Amino acid sequence: MQTATVLVDKSTYRPSEGEAFMNERQLEYFKGKLNEWKDEILRESRETVAHLQKETENHADLADRASSETDRALELRTRDRQRKLISKIDQALRRIEDGSYGYCEETGEPIGLARLDARPTATLSLEAQERHERRERVHRDD
């Protein structure tokens, strides 16, 4: 079975509550948003690698060297967080393909368009996320 590709004008289209939830147009919108985000992260990552390769010069001054090492460590931590984010983006793209995108992993209920637009990698509804965070706080406080 072939599926038709729905072209979405990202500059004007915004998913709305008046539409059927996770229709083709919405799925294409979120797929585009996720792919653009991933491409931006990968571009920034390539720029960081180029910058780190260029920044391998030795600093005569210890303070300059320490500052440079601190900057490098910060950039590497940022890239590591972004690597984890790419994994979440890839998982969200797989959920779009398998039809589970937009639905809460705990309850099966729709996550909500506003939450998905703000956080396209969300896997829990707002209520389920709040319950999860409350449980974490309780266990952390023990």
Side-chain angles (χ1 to χ4, degrees), residues 1-59 62-142:
M1 180 173 103
Q2 283 188 319
T3 58
T5 301
V6 177
L7 296 177
V8 177
D9 181 3
K10 292 178 197 84
S11 63
T12 58
Y13 175 75
R14 288 286 177 263
S16 69
E17 299 295 334
E19 304 173 79
F21 187 71
M22 286 302 120
N23 63 52
E24 278 189 73
R25 196 170 185 199
Q26 289 178 358
L27 289 171
E28 197 61 35
Y29 170 83
F30 286 112
K31 185 176 183 178
K33 186 171 186 145
L34 287 160
N35 279 317
E36 284 176 15
W37 195 10
K38 181 179 175 179
D39 290 345
E40 179 183 331
I41 292 168
L42 291 172
R43 181 183 43 74
E44 289 174 2
S45 181
R46 285 188 296 272
E47 289 172 5
T48 296
V49 168
H51 173 74
L52 290 175
Q53 287 172 340
K54 192 174 74 174
E55 186 64 29
T56 58
E57 63 199 46
N58 286 328
H59 298 285
L62 287 177
D64 288 345
R65 185 179 307 163
S67 177
S68 181
E69 288 299 320
T70 300
D71 291 348
R72 174 177 278 137
L74 180 60
E75 282 192 50
L76 291 173
R77 275 195 307 272
T78 300
R79 293 302 151 230
D80 188 52
R81 281 194 300 273
Q82 289 182 331
R83 180 187 54 78
K84 292 173 184 171
L85 180 55
I86 286 175
S87 175
K88 289 182 179 186
I89 291 170
D90 286 340
Q91 290 169 5
L93 290 167
R94 282 193 294 279
R95 287 194 306 277
I96 287 174
E97 295 304 316
D98 73 19
S100 63
Y101 183 80
Y103 295 92
C104 179
E105 287 182 342
E106 283 187 8
T107 66
E109 295 294 317
I111 289 175
L113 294 174
R115 177 161 168 75
L116 288 171
D117 207 26
R119 186 177 177 94
T121 57
T123 59
L124 299 173
S125 66
L126 189 56
E127 296 79 18
Q129 182 69 38
E130 288 172 346
R131 280 193 306 273
H132 178 73
E133 289 173 4
R134 277 194 302 275
R135 281 193 305 266
E136 271 186 357
R137 264 195 308 272
V138 167
H139 293 298
R140 187 177 56 226
D141 292 341
D142 288 346

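Basis for what follows: all heavy atoms, side chains included, without hydrogens, waters or symmetry-related copies. Predicted model, so just to flag it, every value in this text is computed and none were measured.
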Inset, instruction - Check the pair Arg77, Asp80 against salt bridge (Lys or Arg N to Asp or Glu O under 4.0 Å), reporting the backbone distance first and the verdict last. - result: CA-CA 5 Å; Arg77 275 195 307 272; Asp80 188 52; over 6 Å; no

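Atoms CG and CG, on Leu116 and Leu34 in that order, are 9.0 Å from each other to the nearest 0.5 Å. If you take CD on Glu24 and CD on Glu19, they are separated by 12.0 Å, rounding to the nearest 0.5 Å.
Residues meeting the side chain to side chain contact (heavy atoms under 4.5 Å, CB included) test with Arg135, sequence neighbours left out: Glu106, Arg131, His132, His139. For the salt bridge (charged side-chain N to carboxylate O under 4.0 Å, His left out) test, residues two or more places apart in sequence or in another chain that qualify with Arg43 are Glu47.
Checked by atom type and distance alone, the side chain of Ser45 never pairs as donor or acceptor with a backbone atom of Ile41 at under 3.5 Å.
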Do any side-chain atoms of residues 90-100 form donor-acceptor pairs under 3.5 angstrom with protein atoms, and if so which ones, sequence neighbours left out?
residue	atom	partner	partner atom	Å
Asp90	OD1	Lys38	NZ	2.6
Arg95	NH2	Thr121	O	3.4
Glu97	OE2	Lys31	NZ	3.2
Asp98	OD1	Ser100	N	2.9
Asp98	OD1	Ser100	OG	2.6

Side-chain donor-acceptor pairs of residues 122-129 under 3.5 Å, sequence neighbours excluded:
residue	atom	partner	partner atom	Å
Ser125	OG	Ala128	N	3.2
Gln129	NE2	Glu133	OE2	3.1

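Pairs passing the ring pair (Phe, Tyr, Trp, His ring centres under 6.0 Å) check and including a residue from residues 88-107, sequence neighbours excluded, read Phe21-Tyr103, Phe30-Tyr101. Residue pairs meeting the ring pair (Phe, Tyr, Trp, His ring centres under 6.0 Å) criterion with at least one partner in residues 69-99, sequence neighbours excluded, are absent.
Residues Asp117 and Lys33 form a side-chain contact, since some pair of their non-hydrogen atoms from C-beta on lies under 4.5 Å apart.
Arg119 CZ: 12 or fewer foreign heavy atoms inside a 6.0 Å radius.
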